[in-house]
Amino acid sequence: MDSSSLDAAASVLAKSKHLVALTGAGISAESGVPTFRGRGGLWEKYKVEELATPQAFRRDPVKVWSWYKWRMEIISKARPNFAHVALAKLEEMGLLKALITQNVDGLHRRAGSKNVIELHGCIWRLRCTSCDYAEYIEEPVREVPPRCPRCRSLLRPGVVWFGEALPERELKRAYQEVSRADAMLVVGTSGVVMPAGMLPLLAKERGAVVVEVNVEESAITPYADYFLRGRATEVMKALFEGICERLGKSP
């Protein structure tokens, strides 16, 4: 991690009027939540078309739900790390205006973030495949596959599968926040999944400063104003302390 880049990034973020964050799987990796891409990612071991598409669910809901129950069990044991907490604290301080995430694990909300835009849904939200029933749960499903208490149709995870459109309301909110941003903090995303990967570029085109935190270069790095290489917890700790110092606040 380059200290001069870190100092410059902290100064820019501390002075920002409308800071927006975008997070991906990398921010939750240190909490023990498996990533999807890269070395050791879930898609190295599992086939997308067998587990994360509407067709897979129609073909074998038990198989799909068994996989999601396994993921729920892993996520339920995970705890928000300091990178999650730092973003929640930046929002509490009034600096961070919105947090857009590609993650479905719910760790940002558990860390205390309020204005969270979950672009890809939430694994803890279940919705009926037939009626308008939906609910949030706090522990892994017991029945596989779970059924709607109203109509007994199958429930499905409230996540966006491959081949599905992003939720219109969340996507609209994300574009609105990005259009107002004068700074954007991007943490732990590969930048290859669209349209989320385009958001930092849209912010950049509108004049925002883009600060990227990642363990390796990504599709976003070429147009980031500051690239801070390192683990999310370590970089965010240093960045948060630098911001607090410039604002005269105690970290």
Side-chain angles (χ1 to χ4, degrees), residues 5 9 12-13 16 18-30 33-44 46 48-49 51-53 83-84 87 96-108 113 115-123 158-232 235-236 239:
S5 294
V12 167
L13 298 183
S16 66
H18 199 91
L19 172 62
V20 176
L22 171 67
T23 67
I27 196 171
S28 293
E30 290 179 67
V33 180
T35 60
F36 285 93
R37 288 170 179 78
R39 189 177 304 169
L42 289 174
W43 296 143
E44 278 189 356
Y46 304 98
V48 174
E49 61 273 14
L51 297 166
T53 65
H84 295 105
L87 290 169
L96 181 64
K97 306 303 182 185
L99 197 166
I100 305 164
T101 186
Q102 297 167 269
N103 300 339
V104 301
D105 52 41
L107 289 179
H108 282 301
S113 290
N115 190 19
V116 182
I117 302 170
E118 294 172 319
L119 274 187
H120 295 164
C122 180
I123 200 170
V159 301
V160 178
W161 281 328
F162 287 89
E164 293 183 324
L166 295 188
E168 188 175 330
R169 178 174 171 271
E170 279 70 19
L171 188 58
K172 183 179 179 180
R173 284 177 62 204
Y175 282 133
Q176 287 174 338
E177 294 293 348
V178 168
S179 69
R180 299 174 62 192
D182 61 352
M184 190 161 191
L185 176 59
V186 185
V187 187
T189 178
S190 63
V192 299
V193 178
M194 298 299 160
M198 285 295 295
L199 295 177
L201 181 56
L202 292 175
K204 176 89 171 179
E205 289 176 344
R206 289 178 174 271
V209 175
V210 176
V211 177
E212 182 187 13
V213 177
N214 214 323
V215 291
E216 58 188 7
E217 293 188 0
S218 72
I220 292 162
T221 311
Y223 53 87
D225 295 280
Y226 301 100
F227 173 61
L228 307 178
R229 185 191 295 270
R231 295 167 59 187
V235 178
M236 285 303 298
L239 193 58

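Owing to the predicted nature of the structure, the values given are computational and were not obtained by experimental measurement. For the single chain, residues carry numbers from 1 onward in sequence order.
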Legend entry - CA sep, side-chain torsions, deciding dist, call: S28, H84, side chain to side chain donor-acceptor pair (under 3.5 Å): CA-CA 8 Å; S28 293; H84 295 105; 3.2 Å; yes
Legend entry - Residues H108, I27; criterion side-chain contact (heavy atoms from CB on, under 4.5 Å); working and verdict: CA-CA 10 Å; H108 282 301; I27 196 171; 3.8 Å; yes
Inset, instruction - Go through the steps for M236 and L87 under the test side-chain contact (heavy atoms from CB on, under 4.5 Å), then give the verdict. - result: CA-CA 8 Å; M236 285 303 298; L87 290 169; 4.0 Å; yes
Throw together a table of side-chain donor-acceptor distances under 3.5 angstrom for residues 115-123, partners on residues two or more places apart or in other chains.
residue: N115; atom: OD1; partner: R173; partner atom: NH2; Å: 2.6
residue: N115; atom: ND2; partner: K97; partner atom: O; Å: 2.8
residue: H120; atom: ND1; partner: Q102; partner atom: O; Å: 3.2

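To the nearest 0.5 Å, the span separating CD on E205 from OG on S179 amounts to 13.0 Å. Distance check, rounded to the nearest 0.5 Å: CG of L185 to CD1 of I100 gives 11.5 Å. Between atom CD of residue E212 and atom CG of residue L22 there is a gap of 10.0 Å, rounded to the nearest 0.5 Å.
Of the options V187, L13, D225, V235, a side-chain contact (heavy atoms from CB on, under 4.5 Å) to V211 is made by L13 and by none of the others. Checked against V186 for a side-chain contact (heavy atoms from CB on, under 4.5 Å), the options T221, N214, I220 give a single hit: I220.
Shown here for P167 and V160, the closest heavy-atom pair between the two residues is CD-CG2, 3.6 Å. The nearest pair of heavy atoms linking G26 to A232 is O-CB, 4.4 Å. Shortest non-hydrogen contact noted between A219 and G191 is CB-O, 3.7 Å. Considering all non-hydrogen atoms of both residues, P195 and Y175 come closest at CB-OH, 3.7 Å. In plain terms, the two heavy atoms of V33 and D105 that are nearest each other are CG1-OD2, 4.2 Å. Residues L199 and A174 come closest through the heavy atom pair CD1-CB, 4.3 Å.
For the pair D182 (side chain) and A208 (backbone), a donor-acceptor distance under 3.5 Å is absent.
Contact check for M184 versus K204: no side-chain heavy atoms found under the 4.5 Å cut-off. Using a 4.5 Å heavy-atom cutoff, the side chains of H18 and E177 are in contact.
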